[in-house]
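So that the names make sense, note that chain A is the first sequence line, chain B the second, and so on, each numbered from 1. In what follows, every heavy atom counts, from backbone to side chain, and hydrogens, waters and symmetry copies are set aside.
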Amino acid sequence: MSKIFASPELALKDVLSDGMTIMSGGFGLVGNPESLIPEIKKAGIKDLTVISNNCGAEGFGLWMLLEARQIRKMIASYIGDNKLFEALYLSGEIEVELNPQGTLAERIRAGGAGIPAFYTRTGVGTIVAEGKHTEIFDGVEYVRERWLKADLAIIKGWKADPAGNVVFRKTARNFNPNMGAAATVTVVEVEEIVDAGDLDPDCIHLPGIFVDRIVKSTLNEKRIERLTISE
Amino acid sequence: MSKIFASPELALKDVLSDGMTIMSGGFGLVGNPESLIPEIKKAGIKDLTVISNNCGAEGFGLWMLLEARQIRKMIASYIGDNKLFEALYLSGEIEVELNPQGTLAERIRAGGAGIPAFYTRTGVGTIVAEGKHTEIFDGVEYVRERWLKADLAIIKGWKADPAGNVVFRKTARNFNPNMGAAATVTVVEVEEIVDAGDLDPDCIHLPGIFVDRIVKSTLNEKRIERLTISE
Amino acid sequence: MAWSREEIAARAAKELKKGFYVNLGIGIPTLVANYLNEDSAITLQSENGMLGMGPFPRREEVDPDIVNAGKQTVTELPTSSYFSSADSFAMIRGGHIDASILGAMEVAANGDIANWTVPGKMAKGIGGAMDLVAGVKKVIVVMEHTTKAGKSKILKRCTLPLTGAAVVELVITDLGVFECDKKNRQFNLIELAPGVSLEEVHEKTEAPLHTEGFVQ
Amino acid sequence: MAWSREEIAARAAKELKKGFYVNLGIGIPTLVANYLNEDSAITLQSENGMLGMGPFPRREEVDPDIVNAGKQTVTELPTSSYFSSADSFAMIRGGHIDASILGAMEVAANGDIANWTVPGKMAKGIGGAMDLVAGVKKVIVVMEHTTKAGKSKILKRCTLPLTGAAVVELVITDLGVFECDKKNRQFNLIELAPGVSLEEVHEKTEAPLHTEGFVQ
């Protein structure tokens, strides 16, 4: 009955299959499931739909799955600064659906919250709204967006207890808790597994009900994309 | 520029008017803005629309505003165990709009999140869905619900810092943070005002951007409605 | 002897699988908590914003900021978590709760349930019941089989305003356990309480009741 | 002398009122932070999930888990808070941010803005720009008045795919400050950079530009 798994490989055992939809947490490389992504590469599953704000950076994160040609479709907000992605896109090897970042986040939140569709101002009058239902509420036009769900979410937390309660650290929180609630199976890697009672019940970012499997991160490189220093 | 006010009376100064819509936090008497409600009674404003899960209990909470005949319409989820409410309703002195509790919570969350409408399964096939737009997504029928906003939210927190960051305590959190984000003006009473830096940035339930005024609670009775003890 | 309220609750507890996340309503459902042991690893959710609800407090443990959805004082566990009402119902509406055990005034063979209001009487409110029946994976009703006046509460069609349409899976009453067979618009008898005869249950059940091949 | 990038940022900072909550885009907008002092009590929001953003870190302060929306390392303040992406954009979409300062490729007299993609080139992404222009109370654009090729970026109508329709209030360029007058489909000149003539700004502005009665 324990949710704690001994290794990233074991934590992903029996939940990977060709053609599945995977949500992967993180904003750029911050809050990336660094230890889980390489196991998906190793498993060699193909034809994936991946939902993530970005698609990794040269050599890191989801870039690995691009390199191994495992991703068929990417639902993301920003895929710049990624030459491999560009090449695959231009050669027709990968499909991309770009979302405004906030719409992406809310679609994922809606997937976890049982809300199949919602209205937003974001994208009204732009190509994002093309082909979508729009409607006027109180004199203002809104566009309707659908929820996003996944077969699997791989996310990165800071600490987890044995019940699967997870706490995230600073801006590494980002999409992680929302994705954790929107997938059929959620696998969380954390920097530290703590004992029951070590987390403050008033400060749980992702309650254990959303978490199926927990594993201690084997990689915590936390590569910085844009080191910026004040003089 | 300080958000901290010296008394509940001053914290509500210049933000009260007849006919306004007020959200009031709490689930039953847990997490009620105990110190602010009596000031609304004292101010004598009338014709209010009040949005709150309940409407107080005999002698406590929003019951005071019922007794003073200040509420014209109540948007709530549960108004039982309140004889005064029943009497006012039956005599036509108060209007009531009952919502499923989760729909009420999500409508308030939507009000704060800029989402004018969303779809939910809750209430499909019941009188809650009557007269509302319904639609089938992926073969399942949903009902559309609209956002709720307010002119003023009065909420009860545990601790606040001078920037208005608020932390709630245990099940006293309930509707409070959602309401705090859905009103034009949000006034928070807290048990303790702490210094900048005393709260954990990873554990802020309501960021300061949503909070206009903070005041230390003068009443913290926390009356228990159903004391239940194990032998 | 038909089942007592306690026995109904004990029987309902057997429906909860190891590791389930469960929401219990007010009344008989609350009693179900008494029949869950640690081994069952059942986690209780309370829709006012708590996951991992402990038992009622001893007098010295009472904390007015820890209540369940019935506003009763409860306790927290080492792995409890608290969240806002919006997050709590996102959890419920999003289908993350495995089972909800609720009381009812009427249940129909098509899975309809009525448990919130009676025409002519003032409604006390809706509370979280409509969200629970619409969002939770498995809805189990526990109730007396008949009203105090002896009228069947297991009906062909509900007569009271609905809480949810086509949502109930299982009904446990003082007389036995009944499965909602929505396709065939009937209840299937799963189990009889000891000492209850097929005749008695047929007599007290207004809904079509399938008992063919049932062996006590 | 027209304004430098730093001077554009300094001028933009003057638009921010005491106590404002502000989101700054990448490029010139990021420089605006250098012109905010403590007295101004401006709080910076970063859409990746942070409110109360501090300056870039000293080398020994660098924390890889604290970045801004441009993925640059930043620092936290005593009153900072972190939240999820969904909560961050709820804050933005819900109209709680007082002002957003963004760069643009084109701005039109009707308030349209284009700043995310050029046809024929592969789009790098949308990021948070569409959410910001749609949700923030006041959208201020800072940019060079013309392209490197000398083409006006202040237009009667945008030619590039839009980021938002009818959302911009104010444009600050190297040549001056311009208000979007959506009703009259024109820009109103508010201020000229020192040494810039009315003739020059008219010449470099494709959009209808109202300067009547303007006194330098």
Engineer: Measure distances from B:Asn178 to the heavy atoms of chain C and classify the residue's part below 4.5 Å as side chain, backbone, both or neither.
Structural biologist: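 For B:Asn178, the contact with chain C is made by the side chain alone.
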
Engineer: For B:Gly125 and C:Leu162, which heavy atoms make the closest approach, and how far apart are they?
Structural biologist: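 So the two residues come closest at O-CD1, 3.6 Å.
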
Engineer: Just to verify, which of B:Arg169, B:Lys170, B:Lys156 counts as forming a salt bridge (Lys or Arg N to Asp or Glu O under 4.0 Å) with C:Asp65?
Structural biologist: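 Exactly one option meets the salt bridge (Lys or Arg N to Asp or Glu O under 4.0 Å) with C:Asp65, and it is B:Arg169.
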
Engineer: Working note: C:Phe56 + B:Ile229, criterion side-chain contact (heavy atoms from CB on, under 4.5 Å); need CA distance, chi angles, decisive distance, verdict.
Structural biologist: CA-CA 5 Å; C:Phe56 297 127; B:Ile229 302 285; 6.0 Å; no

Engineer: On a heavy-atom basis, which atom in B:Phe27 and which in C:Ala69 lie closest, and how many Å separate them?
Structural biologist: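 Looks like CZ-O, 3.4 Å.
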
Engineer: Among C:Ala134, C:Ala129, C:Ala166, C:Ser84, which residue has the highest count of heavy-atom pairs closer than 4.5 Å to chain B?
Structural biologist: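 Ranked by heavy-atom pairs under 4.5 Å with chain B, first place is C:Ser84.
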
Engineer: Mind listing the closest non-hydrogen atom pair of C:Pro64 and B:Lys222 along with its distance?
Structural biologist: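 Shortest heavy-atom contact: CB-O, 3.5 Å.
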
Engineer: Please look at B:Asn54 and chain C and tell me whether the side chain, the backbone, both or neither of the residue comes under 4.5 angstrom of a heavy atom of that chain.
Structural biologist: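 Side chain of B:Asn54 only, per the 4.5 Å heavy-atom cut-off to chain C.
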
Engineer: Scan side-chain atoms only and decide if B:Thr122 and C:Asp131 contain a donor-acceptor pair under the 3.5 Å cut-off.
Structural biologist: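 Present: a donor and an acceptor within the cut-off.
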
Engineer: Is there side-chain contact between C:Tyr82 and B:Thr171, with heavy atoms separated by less than 4.5 Å?
Structural biologist: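 Contact flag for C:Tyr82/B:Thr171 side chains = yes.
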
Engineer: In the structure I gave you, are the side-chain heavy atoms of C:Lys71 and B:Val30 within less than 4.5 Å of one another anywhere?
Structural biologist: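 Side-chain contact under 4.5 Å: no.
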
Engineer: Provide the closest heavy-atom pair for C:Met130 versus B:Pro100 in the form atom of the first, atom of the second, distance.
Structural biologist: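 Closest approach of C:Met130 to B:Pro100: SD-CG, 3.8 Å.
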
Engineer: Of the listed residues (B:Ile224, B:Asn176, B:Thr126), which shares the most heavy-atom pairs with chain C below a 4.5 Å separation?
Structural biologist: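 Heavy-atom pair counts peak at B:Thr126.
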
Engineer: Can you check whether B:Glu106 reaches C:Arg93 side chain to side chain, under 4.5 Å on heavy atoms?
Structural biologist: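 When only atoms from C-beta onward are counted, C:Arg93 and B:Glu106 do touch, with a gap below 4.5 Å.
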
Engineer: With respect to chain C, which residue among B:Ile108, B:Thr103, B:Val124 yields the maximal number of heavy-atom pairs within a distance under 4.5 Å?
Structural biologist: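 The option with the most such pairs is B:Thr103.
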
Engineer: Can you tell me which portion of B:Tyr89 sits under 4.5 Å from chain C's heavy atoms? Options are side chain, backbone, both or neither.
Structural biologist: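 Only the side chain of B:Tyr89 comes within 4.5 Å of chain C.
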
